[in-house]
Amino acid sequence: MAKISINLSSGELEKTPESDIIIGIDLGTTNSLVAYIHEAKAMAVAGADGKNTLVPSIVHFDESGQVIVGNEAKKYLLTDPQNTIYSVKRLMGKSYKDVSDAEQYLGYKIIDEDTDSLVKIRVRDRFYSPVELSAKILTELKTRIEATLGQAVSKAVITVPAYFNDAQRQATRDAGKLAGLDVLRIVNEPTAASLAYGIGLSPDESKKIAVYDLGGGTFDISILQIQGGIFEVLSTNGDTYLGGDDFDRAIIDFWLEKYHINKNILIDNKKISQQFRVAAEEAKKTLSLDNQYIGRIGEWSCEILKAEFENLISPLINKTLNSCKQALSDAKLTVENIDSVIMVGGSTRVPLVKKTVSEFFNQAVNDKLNPDEVVALGAAIQADILAGNNKDLLLIDITPLSLGIETMGGLMDTIIPRNTKVPAKAGRQYTTSVDGQKNLQVAVYQGERDLVSDNRKLGEFILRGIPPMPAGIPKIDIQFILDADGILTVRARELRSEIEQQIQVKSAYGISEEEMARMLLDSIQYAESDMKIRALLEARNEANNILLSADKFIEQNKTILNEEEIKETKRLTEALRQSVEGDDKDAINLAMENLNTYTTPLAHRAMDANIGAAIKGKKLG
Ligand code: ADP
Ligand code: MG
């Protein structure tokens, strides 16, 4: 990038002392863990007990707001579900619309509004973003490794599923930043798993591999092509609701039936329900080694044979094979083209899973490493490469600072994140915020802070002549094209009228190494306050949109709503307007939620009435 004299591959600005460790993190749906290179070997870090390397990805909040993460938090899953957040990875970078179907699987409250804004989770009277919750897990991992090493760490590589989109990757970066980590790179989980097995480490290697990842609640199959040290994802497939948890549920159902136990006991008695879950998981793990399990839950002795368990789960395993077939066909490959198969995820410890998958691919699978650690181990290896300890590997030029544009309220919207390989191209669609808006100002910034005022302005232009349309209707596509010399072209185009405008800027021009270093350090130091401001501005933007529609709603449905309803809607709207004046994002979110809860049934009624009227209007004769 613009040939600045810094180590572009690692984003390092000064010579790093040899001891400066970069850590590898697997931020999982069910479990997370951290690993590092110790005496030339990747090692997962255990907790204080010295043995458990896995940290359950669960966050619990007690009444005083005290946060606990991991095994301690897991205990509250059944006794305090509203305040115990799990599977937050499913919500990363998602809008309410995206997750409306996921809510039935979660025991906690996602604010349910049908909008494009990012999801928030309500815990007591506070509202958390998935980024904030993931940051709590990352902080736990950071503390864990710092305790083990006896030194502070700040640089990390974090893994994500291969199918994660831009927004989900950016959310993961933000979570790292909020936890005080400089995220040098986001790496695909299957790529990390492959590195852990040493596949793809030598530049002259050329291979096609399949990574089969069966975790707690998700299944992913990825087909990768490795060539000259570059990993390319050819296809991905899977099932976002299939994993080891389903095996546990199958065992519970088996016991209920076998011992004629009424299903309702699981709903009525949380303690027994929890005991069943714990025993079922224990049974499953036992059966990965032994032929039978004998346990006890209260008055019942619970037994299951391996053969019985295999019967229960074989339909589930067959489902994963369908995904494998689809992934192969999408990659235009057959089983014969696959050079290696890698097993990832705790659930691949089940012997029948290994056997079925190896039969399907018609070869022995790679299963020597702990399947629930392999992604973190690979992340540590990638981190070590970035740290420059693996000199043989060819590294590619990257952009040292993020590039983005200013959006509503002065927020930075990153389009090309820092450490992206160049040349790079990325884009996003925007719209107008005012009815009949004709011009749109596009201001381009560089930097890691959440407010553009803290970043470096590279240039701006105005897209003129947008045909008058209601707010939110125009589709304005903004493309960032960064060439190998660091020249950035920003192009804005309104897709209906096809009007277009563009500028070119030198992204690295006139910026010193010191200045760049300061910008990076600031972004971490101010991550928390930036996050607060961002959350407040986002809540305000969203509230302003809702206020606009609420006013329209009352105006349009005067005849359908009764006086009481209009009065109450106006009262709640007024309360929201008041809260927007203040600086408390939780108060704004609460006011939005109150208004939304009250008006949703009214909106449904109004819609029915309007449809009714439309049908009547069409009456023949
Ligand atoms: P994720 O990637 O979704 O965060 P993991 O890879 O950690 O999850 O997998 C967690 C799942 O692996 C859980 O359902 C757990 O019960 C299962 N698991 C862990 N060890 C074993 C074992 N020995 N036998 C069978 N299943 C196991
Ligand atoms: Mg995983």
Side-chain angles (χ1 to χ4, degrees), residues 24-35 44 51-59 69-71 73-74 77 86-92 105 134 137-138 140-141 158-164 172 187-194 196 211-222 236 238-252 276-291 293 304 306 309-310 312-313 316-317 320 342-357 367 369-379:
I25 292 178
D26 172 5
L27 184 59
T29 311
T30 316
N31 295 304
S32 299
L33 67 160
V34 55
K51 47 180 209 282
N52 269 325
T53 54
L54 302 185
V55 176
S57 306
I58 303 175
V59 183
V69 176
N71 273 314
K74 196 173 179 179
L77 266 186
Y86 60 97
S87 280
V88 65
K89 187 174 180 176
R90 295 186 187 282
L91 307 177
M92 291 291 269
Y105 296 97
S134 294
I137 299 170
L138 292 172
E140 176 74 19
L141 296 173
I158 304 181
T159 58
V160 297
Y163 60 78
F164 256 29
T172 307
V187 175
N188 288 331
E189 287 162 13
T191 301
S194 168
V211 181
Y212 180 101
D213 182 350
L214 192 59
T218 57
F219 168 63
D220 297 314
I221 173 79
S222 316
T236 63
D239 188 332
T240 41
Y241 289 96
L242 176 63
D245 299 347
D246 297 289
F247 295 0
D248 302 349
R249 269 192 290 272
I251 295 177
I252 295 175
F276 265 98
R277 278 163 70 145
V278 171
E281 191 176 6
E282 191 183 289
K284 174 182 73 175
K285 290 184 178 172
T286 304
L287 295 176
S288 288
L289 299 168
D290 299 340
N291 281 321
Y293 170 82
I304 184 166
K306 187 170 179 173
F309 173 61
E310 295 188 336
L312 297 176
I313 61 167
L316 299 172
I317 303 176
T320 68
I342 296 174
M343 299 301 263
V344 180
S347 302
T348 62
R349 284 219 175 84
V350 174
L352 184 65
V353 172
K354 280 191 210 177
K355 180 166 165 277
T356 315
V357 174
D367 63 354
L369 298 170
N370 277 341
D372 33 27
E373 289 182 355
V374 44
V375 167
L377 298 178

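Both backbone and side-chain heavy atoms feed into the values below; hydrogens, waters and symmetry mates do not. In listed order, ligands and their atoms are each counted from 1. Bear in mind that the values here come from a model prediction, so they are computed numbers and not experimental data.
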Item to complete: Using a strict cut-off of under 4.0 Å between a residue heavy atom and any atom of ligand 1, list the qualifying protein residues by chain and number.
Response: Gly28, Thr29, Thr30, Asn31, Gly215, Gly216, Gly244, Asp245, Glu281, Lys284, Lys285, Ser288, Gly345, Gly346, Ser347, Arg349, Val350, Asp372
Response to the item:
Tightest non-hydrogen contact, residues Asn188 and Pro161, listed as OD1-O, 3.9 Å
Worksheet item: Quick one: does NZ or CZ of Arg90 land under 6.0 Å from the six-membered ring centre of Tyr241, within 45 degrees of the ring axis?
Response: yes
Worksheet item: Quick one: do the Thr29 and Ser87 side chains pair a donor with an acceptor below 3.5 Å?
Response: no
Worksheet item: Are any side-chain N or O atoms of Thr191 and backbone N or O atoms of Val187, one a donor and one an acceptor, separated by less than 3.5 Å?
Response: no
Discussion item. Would you say that more than 12 heavy atoms from the other residues, nucleotides or ligands in this model lie under 6.0 Å from the NZ of Lys74, or not?
Written reply: no
Fill in: Residues Tyr212 and Thr320: side-chain donor-acceptor under 3.5 angstrom
yes
